[in-house]
Amino acid sequence: MNATRTRVQRRPVHGVVLLDKPLGLSSNDALQKVKWLLRAEKAGHTGTLDPLASGVLPLCFGAATKFSQLQLEAPKTYIAIARLGQTTTTADAEGEVLRERVVDMAAITPERLAAVQAQFSGDIQQVPPMYSALKKDGKALYEYARAGIEIERPARAVTIHALHLRLTQDESAQPAIEMEVTCSKGTYIRTLAEDVGEALGCGAHLRALRRTDTGGIGLARCVTLQDLIAMPEEERMQHVLPADTLLHAHVPVTLGEQDAGRFLSGLRRRGGWPDASAVAVYGEHPRALLGVGHVTSGELIPDRLLSPLEIQQILEGTPLRTEHGSLETL
């Protein structure tokens with residue numbers, strides 16, 4: 001006899017949960033678990049983090065999903081451990097060993113590390129790995145790889161904003177490199193680990209990866225899935241931050257009632273604002289996020305707008321943090 005499944009009653013939830021994603025879960029698995037815990041109607045994440053990686057993963061709910069693309073484009077910081085002396089089919093610990101080489105530790109001097117660090121800093125070219133979700137003729141590259149087919153991949157430009165390398169050991173006490181890297185969208189840390197290993201003359205593959213920051217959002221602000229599961233529902237909602245958590249780099253613009261209504265209808269507004277490529281626009285009474293836009297020649301131009309229903313639901317039901325850190329509901 002089939003067990004009766006409990007039907008979850010969904011509800012509108014608008015905001016962002018800053019999750020410290022655990023190992024072993026895909027980004028979508030983590031999203032669906034938190035969505036279920038919050039009983040949220042609509043959800044989306046801000047870019048994938050492999051099951052073998054942990055760390056910062058902002059999850060968007062309701063109106064906040066309109067701004068998830070901003071985090072996709074944001075620079076990200078990782079701490080990675082790359083084992084030296086081995087290359088694998090996938091460039092990480094999941095693949096089969098392709099080649100083993102002796103690691104001459106005496107040759108990996110601070111000067112050599114500094115030179116390799118400089119070599120892979122700034123604007124560089126990367127060849128995407130075969131085990132990736134990039135598509136060729138509508139088919140993911142990893143599907144070709146699993147079938148034993150190698151596809152030619154053109155190198156792509158990425159930016160390494162900051163890179164620090166140091167000698168260490170992996171979990172099996174094998175020689176390894178710790179890489180702390182801040183990089184642009186589209187950077188493959190597996191490929192960087194592989195390339196650094198080749199530059200050191202011994203090869204390498206990725207053993208561990210932790211994202212510590214995305215777009216200025218760090219681990220210190222994140223909550224673990226384990227902690228969310230253990231909380232009562234009311235406490236979980238305290239971890240749903242306002243949608244403008246993702247808009248900290250936007251210039252705030254506040255509109256009066258009439259201008260706010262027109263802006264929310266998609267109309268441009270004129271004012272004394274300086275040019276800005278990204279602004280977060282608020283209504284004044286009550287203060288509420290209306291959407292994002294940009295300013296050109298004193299003209300405020302809408303880009304992404306919340307709906308009147310979303311704004312009403314946020315004002316009526318979303319807990320907001322006060323300046324003292326406690327919660328209140330408008």
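The figures that follow rest on heavy atoms only: side chains count, while hydrogens, waters and symmetry mates do not. Source: prediction; values computed, not measured.
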Checking salt bridge (Lys or Arg N to Asp or Glu O under 4.0 Å) for the pair Glu299/Arg268: CA distance, chi angles, key distance, verdict? CA-CA 7 Å; Glu299 194 170 43; Arg268 302 181 177 196; 3.1 Å; yes
Carefully, step by step, assess Tyr282 and Val253 under the rule side-chain contact (heavy atoms from CB on, under 4.5 Å). CA-CA 6 Å; Tyr282 296 85; Val253 169; over 6 Å; no
Could you walk me through whether Ile124 and Thr187 pass the side-chain contact (heavy atoms from CB on, under 4.5 Å) test, one step at a time? CA-CA 10 Å; Ile124 66 170; Thr187 303; over 6 Å; no
How far apart are the C-alpha atoms of Asp29 and Lys21, what are their side-chain angles, what is the distance that settles it, and do they pass the salt bridge (Lys or Arg N to Asp or Glu O under 4.0 Å) test? CA-CA 10 Å; Asp29 288 340; Lys21 188 190 83 66; over 6 Å; no
Step by step, work out the side-chain contact (heavy atoms from CB on, under 4.5 Å) result for Leu228 and Leu38. CA-CA 10 Å; Leu228 279 177; Leu38 297 177; 5.8 Å; no
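No side-chain heavy atom of Leu225 sits under 4.5 Å from any side-chain heavy atom of Asp227. Side-chain contact between Leu305 and Val292: absent, with no pair of heavy atoms (C-beta onward) separated by less than 4.5 Å. Within the 4.5 Å cutoff, the side chain of Leu59 has no heavy atoms near those of the Val16 side chain.
For Asp50 (side chain) and Ala53 (main-chain N/O), no donor-acceptor pair under 3.5 Å exists by modelled atom type. The closest donor-acceptor contact from the side chain of Ser26 to the backbone of Pro51 lies at 3.5 Å or more, if one exists at all. In terms of modelled atom types and a separation under 3.5 Å, the side chain of His205 and the main chain of Gln86 share a donor-acceptor contact. A donor-acceptor distance shorter than 3.5 angstrom exists from the side chain of Thr89 to the backbone of Glu96, with no hydrogens or angles considered. Distance alone, capped at 3.5 Å, is enough to place a donor-acceptor pair between the Asp275 side chain and the Ser297 backbone. A donor-acceptor pair under 3.5 Å is formed between the side chain of Arg112 and the backbone N or O of Leu200. In terms of modelled atom types and a separation under 3.5 Å, the side chain of Arg236 and the main chain of Met231 share a donor-acceptor contact. Checked by atom type and distance alone, the side chain of Arg287 never pairs as donor or acceptor with a backbone atom of Thr254 at under 3.5 Å. Remark: the backbone N or O of Leu247 is not paired with any side-chain donor or acceptor of Asp244 at under 3.5 angstrom.
Thr90 and Asp92 are linked by a side-chain donor-acceptor pair at a separation below 3.5 angstrom, with hydrogens and angles left out of the test. Under 3.5 Å, the side chains of Thr159 and Asp123 contain a donor-acceptor pair of N or O atoms. With 3.5 Å as the limit, one finds a donor-acceptor pair spanning the side chains of His14 and Gln313. Side-chain contact of Gln71 with Thr214: a donor-acceptor pair under 3.5 Å is present, judged by distance alone. Side chains of Ser54 and Arg210: a donor-acceptor N/O pair is present below 3.5 angstrom, by distance only. Residues His294 and Asp303 bring a donor and an acceptor atom of their side chains to less than 3.5 Å of each other. Side-chain contact check for Arg166 and His164: no donor-acceptor pair (N or O, by modelled atom type) lies under 3.5 Å.
Annotation: cation-pi geometry not satisfied between Arg211 and Tyr78 (NZ/CZ under 6.0 angstrom from ring centroid, within 45° of ring axis).
Here Arg39 pairs with Glu233 in a salt bridge; the nearest charged N to carboxylate O distance falls below 4.0 Å. A salt bridge is defined here as a Lys NZ or Arg NE, NH1 or NH2 lying under 4.0 Å from an Asp or Glu carboxylate O, and Glu310 with Lys66 meets this definition. Salt bridge annotation for Arg101-Glu198: present, with a cationic side-chain nitrogen under 4.0 angstrom from a carboxylate oxygen.
For the pair Gly218 and Val56, the tightest heavy-atom approach, listed with the atom from each and the gap, is C-CG2, 3.9 Å. Residues Thr191 and Val127 share a closest heavy-atom pair of CG2-O, 3.6 Å. Closest approach of Leu19 to Ala30, counting heavy atoms only: CD2-CB, 3.8 Å. Closest of all the heavy-atom pairs between Thr65 and Ser68 is O-OG, 3.0 Å. When all heavy atoms of Thr88 and Glu194 are compared, the pair lying nearest together is O-OE2, 4.1 Å. Thr168 and Glu178 get closest at one heavy-atom pair: CG2-N, 3.6 Å.
No more than 12 heavy-atom neighbours from other residues, nucleotides or ligands sit within 6.0 angstrom of CD on Glu257. Heavy atoms of other residues, nucleotides or ligands lying less than 6.0 angstrom from CZ of Arg270 number more than 12. By the 6.0 Å contact criterion, CD on Glu180 is open, its count of non-hydrogen atoms from other residues, nucleotides or ligands being 12 or less.
Taken together through direct or relayed side-chain contacts under 4.5 Å among Ile, Leu, Val, Met, Phe, Trp and Tyr, Met237 and Trp36 form part of one hydrophobic cluster. Tracing side-chain contacts under 4.5 Å through hydrophobic residues (I, L, V, M, F, W, Y), one reaches Leu192 starting from Leu167; they form part of the same cluster.
The side chain to side chain contact (heavy atoms under 4.5 Å, CB included) test applied to Asp259 returns Leu255, Arg269, not counting sequence neighbours.
Rounded to the nearest 0.5 angstrom, His45 NE2 and Cys60 SG are separated by 10.0 Å.
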